[in-house]
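Okay, so here's the structure we're looking at.
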Amino acid sequence: MRIMHEHDRLDTLRHSMAHVMAEAVLELFPGTQIAIGPAIENGFYYDFDLPRPLVNEDLETITEKMKAIIVRNLAFERKVITRSEARELFKDQVYKLELLDAIEEGEEVSIYSLGEFTDLCRGPHVESTKELRSDAFKLMNIAGAYWRGKETNPMLTRIYGTAWSNAKELRLYMQHLEDVEKRDHRKLGRDLDLFSLHEEAGPGLVYWHPNGARIRQEIENFWRAEHYANGYEMVYTPHIGKSWLWETSGHLGFYKEGMYPSMEMDNADYYIKPMNCPFHIMIYNNSKRSYRDLPFRWAELGTVYRYEKAGTMHGLLRVRGFTQDDAHLFVTPDQMEEEIAEVLRFSLYMLKSFGFSDIAAYLSTRPEKAVGDPKRWDDATEALRRAIEKEGLSYEVDEGGGAFYGPKIDLKIKDAIGREWQLSTVQFDFNEPERFDMTFVDRDGTEKRPYMIHRALLGSLERFFGVLIEHYAGAFPPWLAPEQIKVIPVSDAYDEYARSVVSELKKAGLRASGDYSDNRMNAKIRTAQNLKIPYMVILGEREKESNGVSVRYRTGRQENSIALGSFIKQVQATVAAKAQLS
RNA sequence: GCCAAAAUAGCUCAGGGGUAGAGCGGCUCACUCGUAAUGAGCAGGUCAAGGGUUCGAUUCCCUUUUUUGGCUCCA
């Protein structure tokens, strides 16, 4: 007998659960048109065209109905039928008829029946609802979804559910969701006073508060130092440019709807920048370039603005104004491969410095519509592939998934609870060097076209910050923590000693402050703990007498009456190592 | 942009056709404290905005804005 993998088994169970839900919805809402209902990660969904919109209370009713169906111990019966039989069977189900048309000639058409409910379906399913547990599923939410995912198609009502083998697994999953909620960067951003967004001042535009700005400064300082150390130069470029620039780059032709609208001045249209690259090209084209000058590696923390559709914004993760950790490499064809490998190595180094070690690559190749010589595409794509392989990364190929102007590598990291986030991107560009007529004079005295590579390692600082907050659940490692040390005198009799300790800590380059409120020590600790400050220094009679400190770590660990100097050294070492408290 | 839900104090939330409530936070005072909340008092709101229904709207209706969960998009 074939042993089914756990994954397949759960998928089957979830898919069957989707059928049970469809049966329940059809019983409760006669006349409903049903579309598709697959298993997905953690559960299932089914899309319906319902006689009326659903409200949240309906989920309870549907849940009860599903439980009633499950206890009926109905069998899932598979049958292979002909096309015309299927057409007759689903004559009132317009979406099923459309799906039927999409099944290729020669492929068999199968249906599954569950009680009164019959669905066009490839299967597989569990044998009977006996195998489903009515205490191991939960309907999660109602959402709109376009039929077949196309914006021009009608909007259907999608019901999402989660389903597991047993009640315990469901409970664990619900706990996981709670954990995710606790990590939500929007909540932590408020609680830790890191950033804010203001509807009255413009949606999708981020305000970095002092605490958030501290973290950003640390990230930026590290980023700049590493870029200089890796052969990059910094540039600064304007935030707006005349329409000439964007016509030449092609942005006005291809991406105008993604740009903030123009402003007119002195009979010219200016646009706020959605990308930094045309500006970097202006610097390149400012002089005649020789092959001896190349490669150029120019980096900029460039703030760009893009018009994201109203419904798509999400905290820091999807915003309208953001700062890319951008760089452009202008290289000769024979430098390309080494440069790509180097960018990838650098990228991995940067990500690992922030505690991300589980990294996967995605290689996107030439799409149908593309600019540039196919030979160059092949060369570039192979260079990207070799670079990935050289770094020993696991990768997937997205055939035809590249931008029209060049192939790319995206890197995705996994955070502390296993969620994937795309951060780095390395993209070839065969478009802009043409459009801006970029050249360099080669060894043989002729003018040639340089290769151009766009790359962002962290993506954007806003998005990266959001990911970091969720990754660390707000408990930043000391090198990033906005406040590293809270000095807590046990009563105001020790405020003076506390001030002298704070002053020593600051002299040592550490971020520290004292809590001189009239709260009790317990309350001060609680406050500091809730702010996830890595170190708490407790000062009372014992410490004052011995001229030492007692340390309470964020983790709960304690070290009593140690010398201030050795504490400082220890913190400095942790900061220098960019280590997390364990 | 589309579907649905939501918007009440800085935060979390209760309430409800007749002048607005709690906890936390803030401020003031008392307490002088040893590893996750000392006590008391005070202040704080055009109930998102605009329009309508009504004798009267924060409450009901409409529009707009924003937010949330999805869909689409993401150069």
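Side chains included, hydrogens not; waters and symmetry mates left out as well; all remaining heavy atoms used. Per chain, numbering begins at 1; letters A, B, ... match sequence-line order. Treat the numbers as computed from the prediction; the structure is a model and nothing was measured.
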Watson-Crick or G-U stems of RNA chain B, 3 or more pairs, under 3.5 Å, by first number: B:1-7 with B:65-71, B:10-13 with B:21-24, B:26-30 with B:38-42, B:48-52 with B:60-64
Whole angstrom value for the distance that separates P of C3(B) from CG of L156(A): 13 Å
Report yes if a side-chain nitrogen or oxygen of Y160(A) is closer than 4.0 Å to either non-bridging phosphate oxygen (OP1 or OP2) of C71(B); otherwise report no. yes
Give one of base, sugar-phosphate or nothing for E541(A), where a contact means two heavy atoms less than 4.0 Å apart. base
Of Q427(A) and A143(A), the one whose closest RNA chain B nucleotide lies more 5': A143(A)
What about F330(A) and W298(A), are their ring centers closer than 6.0 Å? yes
Give each protein N/O atom lying under 3.5 Å from an N/O atom of nucleotides 7-13 of chain B, with the pair distance.
{"from": "C11(B)", "atom 1": "O3'", "to": "R190(A)", "atom 2": "NE", "distance (Å)": "3.3"}
{"from": "U12(B)", "atom 1": "OP1", "to": "R190(A)", "atom 2": "NH2", "distance (Å)": "2.8"}

Ring pair (Phe, Tyr, Trp, His ring centres under 6.0 Å), that's the test. Do Y46(A) and Y160(A) meet it? Break it down for me. CA-CA 7 Å; Y46(A) 214 111; Y160(A) 282 97; over 10 Å; no
Which part of the nucleic acid, if any, lies within reach of R186(A) when heavy atoms closer than 4.0 Å are counted: base, sugar-phosphate only, or nothing? sugar-phosphate
Inter- and intrachain pairs under side chain to side chain donor-acceptor pair (under 3.5 Å), touching residues 192-204 of chain A, at least two apart: D193(A)-H209(A), S196(A)-H198(A), S196(A)-H209(A)
Taking only the side-chain nitrogens and oxygens of H454(A), find out if one of them lies under 4.0 Å from OP1 or OP2 of A75(B). no
Check the distance between C74(B)'s P and F254(A)'s CZ and give it to me in whole angstrom. 14 Å
So if I take every side-chain heavy atom of N519(A) and compare against A75(B), U38(B), G69(B), which nucleotide ends up nearest? U38(B)
Donor on one side chain, acceptor on other, R435(A) and N431(A), under 3.5 Å: yes
In whole angstrom, give the distance that lies between atom CE of M140(A) and atom P of U68(B). 18 Å
Do Y405(A) and F430(A) have ring centroids that are under 6.0 Å from one another? no
According to a strict under-4.0 Å criterion, is R552(A) in side-chain N/O contact with OP1 or OP2 of A36(B)? yes
